[in-house]
Amino acid sequence: MRWTKTLIPTLKEAPAEAEIISHQLLLRAGLVRKLAGGLYTFLPMGLRVLRKIEAIVRQEMDGAGACEVLMPALQPPEIWRQSGRYEQAAQVLFKVRDSSQREWLLGPTHEEVITSLAASEINSYRQMPVTFYQIQTKFRDEIRPRFGLMRAREFLMKDAYSFDISDEAAQASYQKMYDAYVRIFGRCGLKAFPVEADTGVMGGKFSHEFMVPAQTGECEVAYTEDGQYAANLEKAASRGPLTPAPALAEQPLEQFPTPGVRTIEDLAAAPYHTPGHLQIKTLVYLAEGKPVLLLLRGDDSLNEAKAAAALGTGVFRPATAEEIASLMGAHPGSLGAVGFDKARVLADEQLRGASGMTTGANVDGFHFRHVCVSRDIPAAVWKDLRTVREGEESLHGPPLKIRRAIEVGHVFKLGTKYSEAMSATFLGVDAQRRPLVMGCYGMGITRTLQAIIESSHDQNGIIWPIAVAPYAVCLTPLSASAESEVMQVSERLYAQLGAAGVEVIMDDRDERPGVKFKDSELVGFPLRIAVGEKSLNQGMVEFCPRGGTKELVPVDAIIGRTLEFLRA
RNA sequence: CGGGCCGUAGCGCAGACUGGUAGCGCGUCUGAAUGGGGUUCAGAAGGUCGCGGGUUCAAAUCCCGCCGGCCCGACCA
């Protein structure tokens, strides 16, 4: 490819809309352009990278025994009603109507479609195990598209779905995909690591997310340095807070006035001097419309993913101030569960056995002290509700650390959630009809592209791993005039590199060397071969690996040197 | 959906408070010089100042409404 024949609109300055470095570089290097919030056009360089990632994914999926299909992006709402996700996922579903006002959905994912396919086509245990995958544009009505391709409304995703006759067999399919993911991210030059994850709206038994460490990531991961444990913060568990819950001698419950106290901090300050870990925090939520109290230690914070699991539903929200007042008879700041029986009470495990605690008296301006949780709040059901904190002991001992990361893949062991809902069954060896046992395996292709940039760049631009670079080599003649020796040698090298199977782009623009150097580094080609008069006079051209050191190589040795570099 | 900020040339921004002929840098085009790290000089093109209404002799500027964008939060398969 010749630079003048393609479109690489590089930018000196980063557009104001780009907050994080990878988003800025996507735009500055001319990989994509925004059409509207969360909608991007892929320009030639960006598209080539996307295709490279896709090719790696296809190779590894095929290698893992999966077979490719392509499913419609437009889907009938009926199958989403069948699976129960029409309401569950309503917030992210794009809905459209055809000319006769019939409703359709733009698929955010394809469990329903593949399950309905499996329901009709897979009938016997002889047809399994089988795994299908597809690479498709998916749509999500994101509340807030953000960070370029990281959180877009339309994005490219690889999804795979496995079907098995039993849990054990499904586990094997899951493991194959898990292994394939490790290889895919490795080939993309990403240090992605698996973490235990919450299954969320997908449902299912358990799941792993593949995370790329990045300060700008939207996820938080708790892990131990020995590599034995890593989990999404939504899921992470520990042995509990560093300051243990008190187990003081029981004393009679005592109400005392606390005028003006609204927060945990207020009560921790003078004149009360009751630190957060000696307080009980009372949160009022509405789960599927019904009130429920969630109790935590004063210094702990609620983990909503765990709350969803404890409540058995994802449909819940904090109660409003008015709802709280009418239910409790008191306002936030003075709430408590002592003697309360008008709603379910879920208490965090850390409160089990706690005594000598302080909590709101459910009367504005008053609190209770000497609360013994088991004695005074007997209705409480114990659940894990808290978010772990850095430094706490992990379940196997070493302290937890927390870091931010980008989620690039998510694999789920689904079980029979979808197959049961959609009557996808098969006949086993014993002639018994059973639901298919499923797994699903998502990978954000466009997000992976951006994650590579986020984790591989310097102050001059992107540094593409060879495996996904738009072109492996940027051939850079430092003169554009066709008669010059520089250009003639460049043309010859261009032809020879092409013949040797090297993906090469020649910067044939009539630009000054500085401009060409800056652009090739911004776009991030792994290798630049500069042909200039100075070195050519000594029979040399310049071999400049991106981010490495320049060396002079004789003209007739450069093809060999290049092939050697690309193989390494 | 709540809170905050912003919409002026392709991009980045000034002008607004204090109303009075639309500006700067980058980019683009022309010419010249230059020719190994975003070079220099001269010239040019390019703007319904987001949209609608109001106040005023006069609105990019003040007021009201709408639309769009960004940030924080809620949400996130």
Side-chain angles (χ1 to χ4, degrees), chain A residues 9-20 23-24 27-28 30 33-39 80 83 85 88-93 107-112 138-148 150-153 155 157 159 161 197-204 207 209 217-220 232 234 285 302 304-305 308 314-318 320 406-407 409-412 414 417-418 440-444 447 459-461 476-481 484 486 509-522 528 530-537 540-542 544 550 552:
Chain A
T10 58
L11 262 26
K12 269 190 196 174
E13 293 172 278
E17 71 196 46
E19 181 91 343
I20 62 175
H23 188 192
Q24 293 172 0
L27 295 166
R28 286 192 57 213
R33 283 295 181 263
K34 184 173 81 166
L35 175 64
L39 301 175
W80 284 76
S83 72
R85 291 206 298 179
Q88 253 185 343
Q91 289 175 40
V92 296
L93 283 177
T109 179
H110 285 73
E111 280 75 23
E112 283 77 4
K138 312 234 170 177
F139 300 86
R140 275 178 210 174
D141 187 4
E142 290 289 350
I143 299 170
R144 181 145 86 93
R146 230 191 294 216
F147 302 142
M150 286 294 186
R151 179 167 295 277
R153 294 164 129 151
F155 54 95
M157 188 159 168
D159 249 330
Y161 305 94
D198 184 64
T199 53
V201 186
M202 283 302 276
S207 77
E209 288 167 331
E218 293 189 85
C219 299
E220 287 186 288
N232 191 310
E234 292 180 342
Y285 272 69
L302 179 69
E304 295 212 341
V315 183
F316 64 94
R317 61 170 176 84
T320 64
I406 300 165
E407 179 194 346
H410 200 161
V411 295
F412 296 83
L414 289 176
K417 170 180 161 145
Y418 294 88
C440 79
Y441 317 92
M443 178 182 296
R447 182 181 281 184
Q459 68 278 11
N460 294 316
T476 308
L478 299 183
S479 156
S481 92
S484 66
V486 163
R509 294 175 299 170
D510 183 12
E511 287 288 354
R512 299 173 64 88
V515 173
K516 295 188 176 189
F517 293 155
K518 286 287 185 195
D519 273 350
S520 77
E521 282 156 23
L522 177 58
R528 178 174 67 223
V531 182
E533 207 176 341
K534 282 184 190 171
S535 37
L536 205 53
N537 286 339
M540 310 289 248
V541 293
E542 286 153 40
C544 319
K550 177 166 88 175
L552 285 176

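- Residue contacts shown for A/Asp510 include a base, since a base heavy atom lies under 4.0 Å away.
- One P atom belongs to B/A58, the other to B/U40, and the distance between them is 46 Å to the nearest Å.
- Panel note: side chain A/Gln24, backbone A/Ala18; a donor-acceptor pair is recorded below 3.5 Å.
- Atom-to-atom, CD1 of A/Ile20 to C1' of B/C70 comes out at 14 Å; the value is rounded to the nearest Å.
- Comparing B/C70, B/G35, B/G36 against the side chain of A/Glu17 picks out B/C70 as the nearest.
- Note on A/Leu478: a base of the nucleic acid sits closer than 4.0 angstrom, heavy atoms only.
- Residue A/Lys550 is in base contact, counting any heavy-atom pair closer than 4.0 Å across all strands shown.
- Across all non-hydrogen atoms, the minimal contact from A/Ser207 to A/Asp198 is OG-O, 3.6 Å.
- Comparing the P positions of B/U8 and B/G15 gives an interatomic distance of 14 Å, to the nearest angstrom.
- A donor atom on one side chain and an acceptor atom on the other are found under 3.5 Å apart for A/Ser520 and A/Arg528.
- Here the nucleotide nearest the side chain of A/Arg146, chosen from B/G38, B/G36, B/C71, is B/C71.
- Within the nucleic acid shown, A/Ala14 comes within 4.0 Å of sugar-phosphate atoms alone, with no base atom in reach, counting heavy atoms only.
- Comparing atom distances between the A/Glu13 side chain and each of B/C70, B/C76, B/C11 picks out B/C11 as nearest.
- Distance alone, capped at 3.5 Å, places no donor-acceptor pair between the A/Arg153 side chain and the A/Pro145 backbone.
- Both A/Gly37 and A/Lys534 lie near RNA chain B, and the one whose nearest nucleotide falls closer to the 5' end is A/Lys534.
- At the phosphate of B/C26, neither OP1 nor OP2 sits under 4.0 Å from any side-chain N or O atom of A/Lys518.
- Proximity note for A/Pro15 (side chain, C-beta onward) versus B/G37, B/G12, B/G38: the nearest is B/G12.
- Note on A/Gly442: nothing from the nucleic acid sits closer than 4.0 angstrom, heavy atoms only.
- Across the P atoms, B/C13 and B/A33 are found 37 Å apart, a figure rounded to whole Å.
- Here A/Arg33 lies out of heavy-atom contact (under 4.0 Å) with every strand.
- Contact annotation: A/Lys12 side-chain N/O to B/G27 OP1/OP2 distance is under 4.0 Å.
- At the heavy-atom level, A/Ser479 lies nowhere under 4.0 Å from the strands shown.
- Across the P atoms, B/U61 and B/C49 are found 9 Å apart, a figure rounded to whole Å.
- In terms of polar N and O atoms assigned as donor or acceptor, the side chain of A/Arg528 comes within less than 3.5 Å of the base of B/G37 in a complementary pairing.
- For A/Glu533 against B/G36, no side-chain N or O and base N or O form a donor-acceptor pair under 3.5 Å.
- Between the CD atom of A/Glu220 and the C1' atom of B/C76 there is a distance of 14 Å, rounded to whole Å.
- Spacing between B/C24 and B/G47 at atom P, rounded to whole Å, works out to 15 Å.
- One N or O on the side chain of A/Arg447 and one on the backbone of A/Met150 form a donor-acceptor pair closer than 3.5 Å.
- Across all strands, A/Glu521 comes closer than 4.0 Å to base atoms (heavy-atom distances).
- Distances from the side chain of A/Arg151 to the nucleotides B/G69, B/C76, B/C11 place B/C76 closest.
- Of the candidate nucleotides B/G36, B/G69, B/U39, B/U39 has the atom lying nearest to any side-chain atom of A/Arg512.
- Here the nucleotide nearest the side chain of A/Ala16, chosen from B/C13, B/C71, B/C11, is B/C13.
- For the pair A/Tyr441 (side chain) and A/Gly409 (backbone), a donor-acceptor distance under 3.5 Å is absent.
- The partner of B/C76, taking Watson-Crick or G-U wobble pairs whose two distances both stay under 3.5 Å, does not exist in any strand shown.
- Comparing B/G38, B/C70, B/G36 by their closest approach to the side chain of A/Asp519 singles out B/G38.
- Rounded to the nearest 0.5 Å, atoms CG (A/Asn232) and CD (A/Glu209) are 4.5 Å apart.
- Counting to the nearest Å, the P atom of B/G36 and the CD atom of A/Glu511 are 14 Å from each other.
- For A/Glu304, counting side-chain heavy atoms from C-beta on, the closest listed nucleotide (B/G36, B/G69, B/C75) is B/C75.
- Counting any heavy atom pair closer than 4.0 Å across all strands shown, A/Arg140 reaches a base atom.
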